[in-house]
Structures are given as structure tokens and as C-alpha cells.
Asker: 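This is the structure I want to talk about, given as C-alpha cells.
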Amino acid sequence: MSNLSTQELETKFQQKIDANEYIEPKDWMMDKYRYNLIRQISQHAHSEVVGMLPEANWITRAPNLRRKAGLLAKVQDEAGHGLYLYSAAETLGISREELLNQLLTGKAKYSNIFNYPTLTWADIGAVGWLVDGAAIINQVMLQRASYGPYARAMIRICREESFHQRQGFEIMVTLCQGTAEQKAMAQDALNRWWWPSMMMFGPNDKDSPHSSDMAKWRVKRESNDDLRQRFVDRVVPQADFLGITVPDDKLKWNAATQHYDFGEIDWTEFHNVINGNGPCNRERLNARIKAHEDGKWVRDAAVAYANKKRKKAA
Ligand code: 3HC
């Protein structure tokens, strides 16, 4: 391989992707591909880890033991997803320390959705139903991403996300079949989580700077807008089943396209949130910084233990 020119290496690299073969860590890859994968996988890892915060907030207040156990398991799963994804990013030649540093200094992005507060128990239902529901729609496609370690991590993540979506929907069913007050809580949660969930798929295709490269490299196999449309088509009948209303007066079934038409997303809000100015950005970052500082003694102890073992073995 080393005798080949850059042009030839690039051609072979693209041919491999076009043939649906995985790119593995030791394979030659374009710098731009490596950079963009680190960008996406690390943002994804940070989203999983920051995403634990709004839900963990409700573990001690879950309405019964069954709900508490389910939520506890879900939050723990998200930590695991973060670990698989940080490990996948590390195979691209960046250290865990650097990745965490990017998050904790506010340099790295993470999903817009985790910068909103969870105000009532119904929010835990809505997050599972809508947020994990949106995440699955996006992530099923990533199981076939061209980078092997990322695609393989996504397979396990998707299985767990699907449990998360179901536990959220089940909470919504219980609330919607409960008292008028409980149903009102469910409606209020849908009102607040609908639009931020729609934003999770990223900007419209025409305004998405990375989409064409990510599609050419088969990291993204479907576009932001196509995935968003699938989400709407899937969730609206579920809201009908629950007997609650999606907060969009432009939402309408279109018999010609066989899809729902929907209203315009507030992209100003999206950009504010992803650039650090959402309702909870500072709170989320401070919580991660505190957790990192509080965990220092554990990392120090682990390193000291490993060093001691190494010395003994030598
Ligand atoms: N939140 C925050 N930033 C977002 C965003 C969102 N929902 N959508 C797009 N952006 C950012 C991009 O990261 C990019 O910023 P950058 O140039 O600084 O890196 C910019 O907006 C332009 O967007 P593009 O559409 O051009 O970017 P991408 O091609 O990377 O597409 C994406 C965005 C669809 C989110 C893609 O990165 C992706 O599929 N990522 C993997 C999935 C992921 O990260 N999911 C997080 C969801 S939460 C989760 O999984 C936890 C679960 O438990 C619920």
C-alpha cells in the first residue's frame, strides 16, 4: 500500500466504502474521514454521558420500585454507550483525556436535546418515547456505518435504546390512561419535548455542511430530513393512540406523499442551544465538571494499582 500515491490510496479507500466493506482502525483512511468520524463519534459519546443527567435527576423520585429499577437501568445503559463510543473514537488516534477535555472546556458539542429540563415525571416518559425514539431512528442507520468499530458499537446500543423507547412509551400509556391530571402532565411533556426532539436530526439537508461528505463515506446512509420525516410518521399515530396532541398546527396527513406535512422548526433556538445558550447548558457542563473532579481519586487509585501490579510482575 505504501508505494501508492495519495490519489491511488483515496481511490482504493472510496472503492472499499462503495463495496460496503468496513474501514478498520489500521487501514489507510483520508484525514478528513478520520477527523469527521472523531467529530461525530465524540459528540455522540458526549451526548450519551450528558444525557444521563436529566433522567438521573428523577431516579430518587420515581413513582414506584419498578419504575425506579427501569430508570436506573436506562441511565446506566447510557453510561455504557458513552464508554463504547469513547473507545471507538480512541481507535482513531485520539486519547480519552483529550476527548473529555474537549467536553469539559465547552469546545465539543453534544446533542441539543439534553439542554432542556425534566420538570415532571411525565418528562421521563416523553424522553424515552421521543428522545430515545428519535435516537433509534438515527442510530439504526449507523449500525451500517463504514467505520467498523463505530458500526459494531451501534448494534448493541440500538438494542438497548429500543428498551428505553418502550419504557418511555409505557410511562406515557399509563399516564394517558390515568387521571385527567396525569393526562395533562403527559400532554405538557409532549408540548415541551416535541420540537427539541425534531431538532435532534440536525439542520435541514440544504443547511447541513457535513452531510454530503458523510453520505459519500457511508457514515450517514440517510439524510437528516429523511430521518426526521420517518420520526414524524412513526410518532404521530402513537400520539393519536395516547390521545394527546402534537403541538404543531401545520401537522397534516398528506395523501399524495403518504407522509405527514409539518411546520417549520425554530432554527434560531436550535443554534442557540447547540452553541451553549440553551436553558440548561451551563448546569449540564458544571455537573460533568464536578463529576470529573469528584472522580479524580478513583482514576488516581486505578493508575496507582496498575503501576503496583506492573512493578510486581517485573
Ligand atoms: N445537537 C447538537 N449539535 C448538532 C445537532 C444536534 N441535534 N445536529 C447537528 N448538530 C451540529 C453538528 O454536530 C455540526 O456541528 P460541528 O460542525 O460543530 O461538528 C452542525 O450542527 C452541522 O450539522 P450537520 O448536519 O452538518 O452535522 P452531521 O452530519 O454530523 O449530522 C447528526 C448531525 C445527525 C447529529 C450526526 O452527527 C449523527 O448522526 N450523530 C450520531 C448520533 C448522535 O450523536 N446522537 C445523539 C443523540 S442522543 C443519544 O444518542 C442518547 C440516547 O440515549 C437518547
Side-chain angles (χ1 to χ4, degrees), residues 32-33 35-56 71 73-82 84-85 88-89 102-103 106-116 124 126-145 147 150-151 153-154 156-165 167-168 193 195-228 231 265 267 269-278 281 284:
K32 260 174 83 181
Y33 178 81
Y35 170 83
N36 273 288
L37 272 173
I38 293 176
R39 180 186 65 77
Q40 174 164 327
I41 300 173
S42 63
Q43 287 179 7
H44 193 166
H46 301 325
S47 304
E48 300 282 355
V49 169
V50 176
M52 294 162 72
L53 297 168
E55 291 185 285
L71 183 57
K74 176 184 194 292
V75 172
Q76 199 170 320
D77 286 349
E78 309 298 3
H81 299 175
Y84 313 149
L85 291 166
Q102 288 176 358
L103 172 67
K107 232 176 99 186
K109 287 196 174 71
Y110 57 85
S111 183
N112 69 298
I113 197 75
F114 300 118
N115 294 302
Y116 293 86
I124 299 305
V127 167
W129 172 38
L130 301 173
V131 174
D132 290 86
I136 295 170
I137 287 177
N138 167 274
Q139 293 174 12
V140 161
M141 123 187 127
L142 295 172
Q143 295 179 112
R144 293 182 297 125
Y147 188 57
Y150 191 28
M154 291 317 303
R156 178 153 177 194
I157 293 178
C158 281
R159 287 204 186 123
E160 292 177 349
E161 296 294 15
S162 116
F163 154 73
H164 299 167
Q165 191 272 349
Q167 70 89 37
W193 289 93
W195 289 108
S197 301
M198 292 282 279
M199 294 173 194
M200 283 177 71
F201 298 92
N204 288 330
D205 294 347
K206 63 177 175 42
D207 301 317
S208 160
H210 303 298
S211 275
S212 74
D213 277 343
M214 294 309 252
K216 185 176 78 190
W217 297 325
R218 299 198 181 179
V219 176
K220 250 184 186 175
R221 286 176 179 263
E222 289 178 84
S223 82
N224 296 2
D225 286 335
D226 287 350
L227 293 171
R228 188 169 11 249
F231 172 74
I265 288 170
W267 293 113
E269 174 178 327
F270 171 76
H271 287 292
N272 275 336
V273 171
I274 71 170
N275 289 315
N277 299 312
N281 293 62
R284 299 288 182 248

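Both ligands and their constituent atoms are indexed starting at 1 by order of listing. Just so you know, residue 1 is the first one in the sequence shown, and it goes up from there.
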Asker: Report the residues that fulfil side-chain contact (heavy atoms from CB on, under 4.5 Å) with Ser162, sequence neighbours left out, ordered by chain and then residue number.
Answerer: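 Result, side-chain contact (heavy atoms from CB on, under 4.5 Å) vs Ser162: Ile136, Arg166.
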Asker: Step by step, work out the side-chain contact (heavy atoms from CB on, under 4.5 Å) result for Met199 and Ile113.
Answerer: CA-CA 8 Å; Met199 294 173 194; Ile113 197 75; over 6 Å; no
Asker: Can you tell me if NZ on Lys32 sees more than 12 non-hydrogen neighbours from other groups inside 6.0 Å?
Answerer: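 At most 12 heavy atoms, drawn from other residues, nucleotides or ligands, come within 6.0 Å of this atom.
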Asker: Kindly say whether Arg221 contributes a backbone atom to a donor-acceptor pair with the side chain of Arg144 at under 3.5 angstrom?
Answerer: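 Judged by distance alone, no pair lies under 3.5 Å.
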Asker: Between Lys74 and Asp77, is there a side-chain N and carboxylate O pair less than 4.0 Å apart?
Answerer: no
Asker: Quick one: are Phe201 and Asp225 in side-chain contact, heavy atoms under 4.5 Å?
Answerer: no
Asker: Return the protein residues near ligand 1 (heavy atom under 4.0 Å from any of its atoms), ordered by chain and residue number.
Answerer: Arg39, Gln40, Gln43, His44, Ser47, Glu48, Glu78, Lys109, Tyr110, Ser111, Asn112, Phe114, Val131, Asp132, Ala135, Asn138, Gln139, Leu142, Tyr150, Glu161, Met199, Met200, Phe201, Gly202, Pro203, Ser208, Pro209, His210, Lys220, Asn224, Phe270, Ile274
